[in-house]
Participant: 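Sharing a structure here in structure tokens format.
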Amino acid sequence: MATPEAPSTPTSGTVPSSVRLKTLFGDREFEWDKAIYFPTGLKGFPDHNVFALASFPGDGTTSFLLMQCLTEPELAFIVAPYNMESDTISPEHLAQAFNIHGIKKNDGAVLLIVTLHKPEDGSDVSMSVNLRAPIIIDTERQSAYQHHLPEAGRYDFHHIIK
């Protein structure tokens, strides 16, 4: 369970430049000026708008990231950067999403929310990503949107990854 701690460099009467949170993966410090702002929040979390990305502790071989809410320490997601060279999501649909949110092509990035599935029978854990509602990021403005893609039959909420 994550709990907030005092800012790393508190100064009386000023806004802290960072926040230290106790996350599921240990204590982490996040800088406010590197935060990503979600104007409309995420589906199911419309009032939580400020998140930061962090690598997982360890040897650095995983491409997964922790997307931590900075205003609600218990809210965090595992996300995976989307390979823009892949055609899993139609390039036309991504271009349309960038256009809708006013994101220049060179400033756009995409994250996919990861879900872990642990079968009740004790078999191996599997993972899926939500292709239907990727996170579209404007890296220049540090803003992001959870964008719902068209064609319900083409994009799965639980696209299994290996």
Side-chain angles (χ1 to χ4, degrees), residues 1-84 86 88-89 97 101 103 107-149 156-162:
M1 187 168 290
T3 57
E5 293 181 358
S8 61
T9 54
T11 307
S12 180
T14 65
V15 176
S17 61
S18 64
V19 62
R20 180 170 285 282
L21 301 175
K22 189 176 294 270
T23 73
L24 293 172
F25 301 102
D27 289 352
R28 301 300 290 263
E29 187 167 345
F30 300 96
E31 295 180 33
W32 282 106
D33 67 348
K34 295 201 184 331
I36 300 168
Y37 180 68
F38 285 77
T40 57
L42 293 168
K43 185 167 176 67
F45 304 96
D47 298 328
H48 300 291
N49 306 87
V50 184
F51 289 81
L53 297 173
S55 299
F56 282 93
D59 61 9
T61 59
T62 181
S63 61
F64 297 111
L65 297 168
L66 175 68
M67 189 172 81
Q68 175 69 53
C69 181
L70 298 186
T71 57
E72 178 60 50
E74 293 185 11
L75 182 60
F77 299 90
I78 297 171
V79 294
Y82 175 72
N83 178 356
M84 299 295 270
S86 166
T88 307
I89 298 175
H101 298 292
I103 301 170
D107 294 337
V110 179
L111 295 175
L112 302 173
I113 295 177
V114 176
T115 302
L116 300 175
H117 305 275
K118 184 174 181 181
E120 291 182 18
D121 65 5
S123 58
D124 291 340
V125 173
S126 64
M127 292 185 284
S128 67
V129 292
N130 182 346
L131 289 178
R132 184 78 188 278
I135 296 169
I136 308 297
I137 300 175
D138 184 330
T139 60
E140 176 67 24
R141 294 184 295 183
Q142 291 178 230
S143 60
Y145 307 86
Q146 188 170 23
H147 184 83
H148 290 268
L149 293 170
D156 193 1
F157 283 113
H158 296 288
H159 178 79
I160 301 297
I161 58 176
K162 301 198 189 290

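Computed from a predicted structure; not experimentally measured. Just so you know, these numbers use all the heavy atoms, side chains as well, and skip hydrogens, waters and symmetry mates.
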Participant: I'd like to know whether Thr71 forms a side-chain contact (heavy atoms from CB on, under 4.5 Å) with Asp47, so could you lay out the CA-CA distance, the side-chain angles of the two residues, the decisive distance to 0.1 Å, and finally the verdict.
Facilitator: CA-CA 10 Å; Thr71 57; Asp47 298 328; over 6 Å; no

Participant: With side-chain contact (heavy atoms from CB on, under 4.5 Å) as the criterion, how do Phe51 and Phe77 come out once you've worked through the C-alpha distance, each side chain's angles and the decisive distance to 0.1 Å?
Facilitator: CA-CA 10 Å; Phe51 289 81; Phe77 299 90; 4.0 Å; yes

Participant: Sequence neighbours excluded, which residues qualify as side chain to side chain contact (heavy atoms under 4.5 Å, CB included) partners of Thr40?
Facilitator: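 Listed in chain order: nothing, the list is empty.
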
Participant: Considering non-hydrogen atoms only, spot the tightest contact between Ser143 and Ile36 and give its length.
Facilitator: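 That closest heavy-atom pairing would be C-CG2, 4.0 Å.
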
Participant: So, for Leu70 and Ala35, which heavy atoms are closest and what is the spacing to 0.1 Å?
Facilitator: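 Answer, listing the atom of Leu70 first, then Ala35: CD1-CB, 3.9 Å.
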
Participant: Of the non-hydrogen atoms in Trp32 and Val50, which two are nearest, and what is the gap between them?
Facilitator: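 Result for this residue pair: CZ3-CG1, 3.6 Å.
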
Participant: For Lys43, does its backbone N or O pair with a side-chain atom of Gln146 as donor and acceptor, under 3.5 Å?
Facilitator: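 The answer is yes, because a donor-acceptor pair under 3.5 Å joins these two groups.
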
Participant: Looking at Gln68 and Ala52, would you say the former's side chain and the latter's main chain have a donor-acceptor pair under 3.5 Å?
Facilitator: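 No, Gln68 side chain to Ala52 backbone: no donor-acceptor pair under 3.5 Å.
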
Participant: Show the nearest heavy-atom pair for residues Glu29 and Ser18, with the distance to one decimal.
Facilitator: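 Reported closest heavy-atom pair: OE2-OG, 2.7 Å.
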
Participant: Can you say whether the rings of Tyr145 and His101 are parallel (under 30°), tilted (30 to 60°) or perpendicular (over 60°)?
Facilitator: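 Judged by the thresholds at 30° and 60°, the geometry between Tyr145 and His101 is parallel.
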
Participant: Go through the steps to decide whether Leu111 and Ile137 satisfy the test side-chain contact (heavy atoms from CB on, under 4.5 Å), and finish with yes or no.
Facilitator: CA-CA 8 Å; Leu111 295 175; Ile137 300 175; 3.5 Å; yes

Participant: For the CG atom of Leu116 and the OG atom of Ser128, what is their distance to the nearest 0.5 Å?
Facilitator: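 Atom-to-atom, Leu116:CG and Ser128:OG are 8.5 Å apart.
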
Participant: List the atom of Met67, the atom of Leu42, and the distance in Å for their closest heavy-atom pair.
Facilitator: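 Reported closest heavy-atom pair: CE-CD1, 3.7 Å.
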
Participant: Apply side-chain contact (heavy atoms from CB on, under 4.5 Å) to Phe45 and Glu72, showing your working.
Facilitator: CA-CA 11 Å; Phe45 304 96; Glu72 178 60 50; over 6 Å; no

Participant: Does a side-chain heavy-atom distance below 4.5 Å link Leu53 with Val79?
Facilitator: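 Leu53 vs Val79: side chains touch.
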
Participant: Considering non-hydrogen atoms only, spot the tightest contact between His147 and Ile136 and give its length.
Facilitator: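 In this case the closest contact between His147 and Ile136 is CB-CG1, 3.6 Å.
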
Participant: Do side-chain atoms of Arg132 reach the backbone of His148 as a donor and acceptor pair under 3.5 angstrom?
Facilitator: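 Not at all, since once roles are kept as given, no pair shorter than 3.5 Å links the two residues.
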
Participant: Between Tyr82 and Ile89 (side chain of the first, backbone of the second, donor and acceptor by atom type, cut-off under 3.5 Å), is there such a pair?
Facilitator: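 At least one qualifying donor-acceptor pair exists.
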
Participant: Can you spot which of Leu112, Ile113, Val110 makes a side chain to side chain contact (heavy atoms under 4.5 Å, CB included) with Ile135?
Facilitator: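 Looking at Leu112, Ile113, Val110, the match for Ile135 under the side chain to side chain contact (heavy atoms under 4.5 Å, CB included) is Ile113.
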
Participant: Arg28 side chain to Ser55 main-chain N or O, any donor-acceptor pair under 3.5 Å?
Facilitator: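 Side chain of Arg28 to backbone of Ser55: a pair is present.
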
Participant: Provide the full list of salt bridge (Lys or Arg N to Asp or Glu O under 4.0 Å) pairs with a residue in residues 111-121, sequence neighbours left out, each pair given once.
Facilitator: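 Qualifying pairs, neighbours excluded: none.
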
Participant: Looking at Asp33, I want to see if its CG is surrounded by more than 12 non-hydrogen atoms of other residues, nucleotides or ligands under 6.0 Å.
Facilitator: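 Yes.
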
